[in-house]
Asker: 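Quick one: structure below, then a few questions.
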Amino acid sequence: MYNIMTPGPTRVRENVRLARSVETTNPDLDMAFFDYYKETCDLLGELVHTKNNVYILCGEGILGLEAACASLTEVGDRVLVIDNGIFGKGFADFVKIYGGTAVSFVSDYQKQIDSQALKAFLEKDSDFKYATVVHCDTPSGVLNDIKAICNLLAEYGILSVVDSVAGMFGEYVNVDDSKIDILCGGSQKALSAAVGLTMLYVSDKAIASMENRKTPIASFYANILTFKNYYRDKFFPYTQPISEIVSLRAAIENVIADQDILERHRRIAAATRSALQKAGLELYLKAGFSNTVTAIKIPEGLTDEQILSTIREKYNVMLGGCFDILAGQVFRIGHMGENARVEYMLEALDALTRTFADLGRPLRCSLGDAFIEAIEN
Ligand SMILES: *Cc1c(COP(=O)(O)O)cnc(C)c1O
């Protein structure tokens, strides 16, 4: 088996894997399942400090982003796309598919969004139905201050859609204090459940905006309103993937039991960055480092393929490459969820040290030793 150190999907713990195999009921007919689903949603809400509506949708993380845009956007709506990364930029595509006009606020991909610059932009133009922003933009690992950004958007009466697929559970999120109208999460990142589910946290304001549309939502599967009354009516818009939800529940319980989870992510991320720099590698970001993923520049004269295939084939460690404008520019270590454990990190970093030596480019020091030194201090 590979040591999967990618920024999602992440390693899935045994109790979560086993939970998928328990005998299940018919989720359309068994009333107890409606309670189980709702309790699971309530736990998800508690973890990010919100009383907003929570829904689990059957579809990989991308479904949540599309559902937010599909449910809010009407033809001709202006939408602000806050773009300092590849997922940030990508929201414009969803907006356009549903007939909206995407206006981008583009900023340096190597740093977090500057809220003051965003405020200056909004002073001139704030006629937007909603805005999209990514919490941790995984291709670079940049972390945005969603609390500052969404509070600012709220001051201008703009609804907020936040993609925290690669942030939440590894980074602190407080939906209510941050005034986030729709928060999107996925099962396969820091929650460390299997791929396949989206979690959506939806404010009453966002629901009202969907209900007050002049035109119908141009989707069935991505229509958030189809879930609105599931509990009252004891009816889901489609059969729920019960085994996946039972398994997700086990992963949620793991996170609840893991009191130290955010601090562990912070320590591991900081020690990883410190070790990489000490060994002579260069981080892609200048500022705004997330605690869930680190992007490292490919050194001159090497390719991402050489590094990734050597470490995978020779040492059984999977690291991430990149795509879009960062294709071939960086490789990534995902230290989120179950990956964020000292033992797995050490194994990956030792393998990376050996990989660079194998490629004829020995590092200045052992990454593993530097990591241990940094994590103890
Ligand atoms: C992983 C991820 C998603 C979901 O997309 P994938 O198809 O799983 O890559 C959405 N947004 C962000 C920021 C992610 O990291």
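Start at 1 and go down the list; that is how both ligands and their atoms are numbered. Numbers here simply count residues along the sequence, with the first being 1. Quick caveat, the model's predicted, so the values are computed rather than measured.
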Asker: Below 4.0 angstrom from a heavy atom of C136, which ligand 1 atoms are there? Numbered from 1 as shown, please.
Answerer: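 So the atoms of ligand 1 that pass are 13 (C).
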Asker: Closer than 4.0 angstrom: is that true for some heavy atom of H135 and an atom of ligand 1?
Answerer: no
Asker: Who's the nearest protein heavy-atom neighbour of atom 2 (C) of ligand 1, and how far?
Answerer: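 Residue, atom and distance for the closest contact: K189 NZ, 2.5 Å.
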Asker: Does even one non-hydrogen atom of P7 get within less than 4.0 Å of ligand 1?
Answerer: no
Asker: Between E123 and Y156, do the side chains contain a donor N or O and an acceptor N or O under 3.5 Å apart?
Answerer: yes
Asker: Applying side-chain hydrogen bond (donor to acceptor under 3.5 Å, both in side chains), can you list everything that pairs with D145, at least two apart in sequence or on another chain?
Answerer: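 D145 satisfies side-chain hydrogen bond (donor to acceptor under 3.5 Å, both in side chains) with no other residue.
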Asker: Can you check whether L57's main-chain N or O pairs, donor with acceptor, with T198's side chain at less than 3.5 Å?
Answerer: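 Such a contact is absent between T198 side chain and L57 backbone.
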Asker: Give a yes or no on whether the backbone of T6 and the side-chain of T10 come within a donor-acceptor separation of less than 3.5 Å.
Answerer: no
Asker: Identify the closest protein heavy atom to atom 15 (O) of ligand 1: which residue and atom is it, and at what distance?
Answerer: T138 OG1, 2.3 Å
Asker: Could you establish whether D137 and ligand 1 come within less than 4.0 Å of each other, counting only heavy atoms on the residue side?
Answerer: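 D137: no contact with ligand 1 (<4.0 Å).
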Asker: Residues two or more places apart in sequence or in another chain: which of them pass ring-ring contact (aromatic ring centres under 6.0 Å, His included) with F121?
Answerer: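 In terms of ring-ring contact (aromatic ring centres under 6.0 Å, His included), with neighbours along the sequence ignored, F121 is linked to F105.
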Asker: For A166, counting its heavy atoms only, list the atoms of ligand 1 lying under 4.0 Å from any of them.
Answerer: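 Every atom of ligand 1 under 4.0 Å from some heavy atom of A166: 15 (O).
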Asker: Give the residue, atom name and distance (to 0.1 Å) of the protein heavy atom nearest atom 12 (C) of ligand 1.
Answerer: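 So the nearest neighbour among protein heavy atoms is D163 OD2, 3.3 Å.
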Asker: For the NZ atom on K234, are there more than 12 heavy atoms of other groups (residues, nucleotides or ligands in this structure) within a distance under 6.0 Å?
Answerer: yes
Asker: Suppose we measure from atom 6 (P) of ligand 1 to each protein heavy atom; which comes out shortest, and what is that distance?
Answerer: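 Ranking protein heavy atoms by distance from atom 6 (P) of ligand 1, first comes E60 OE2, 2.8 Å.
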Asker: Please state which protein non-hydrogen atom is closest to atom 9 (O) of ligand 1 and give its distance, to 0.1 Å?
Answerer: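 Looking only at protein heavy atoms, the one closest to atom 9 (O) of ligand 1 is F87 CZ, 4.0 Å.
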Asker: Answer yes or no on whether R249 is positioned over the face of Y36, meaning its NZ or CZ is under 6.0 Å from the six-membered ring centre and within 45° of the axis.
Answerer: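 The answer is yes, since R249 meets both limits relative to Y36.
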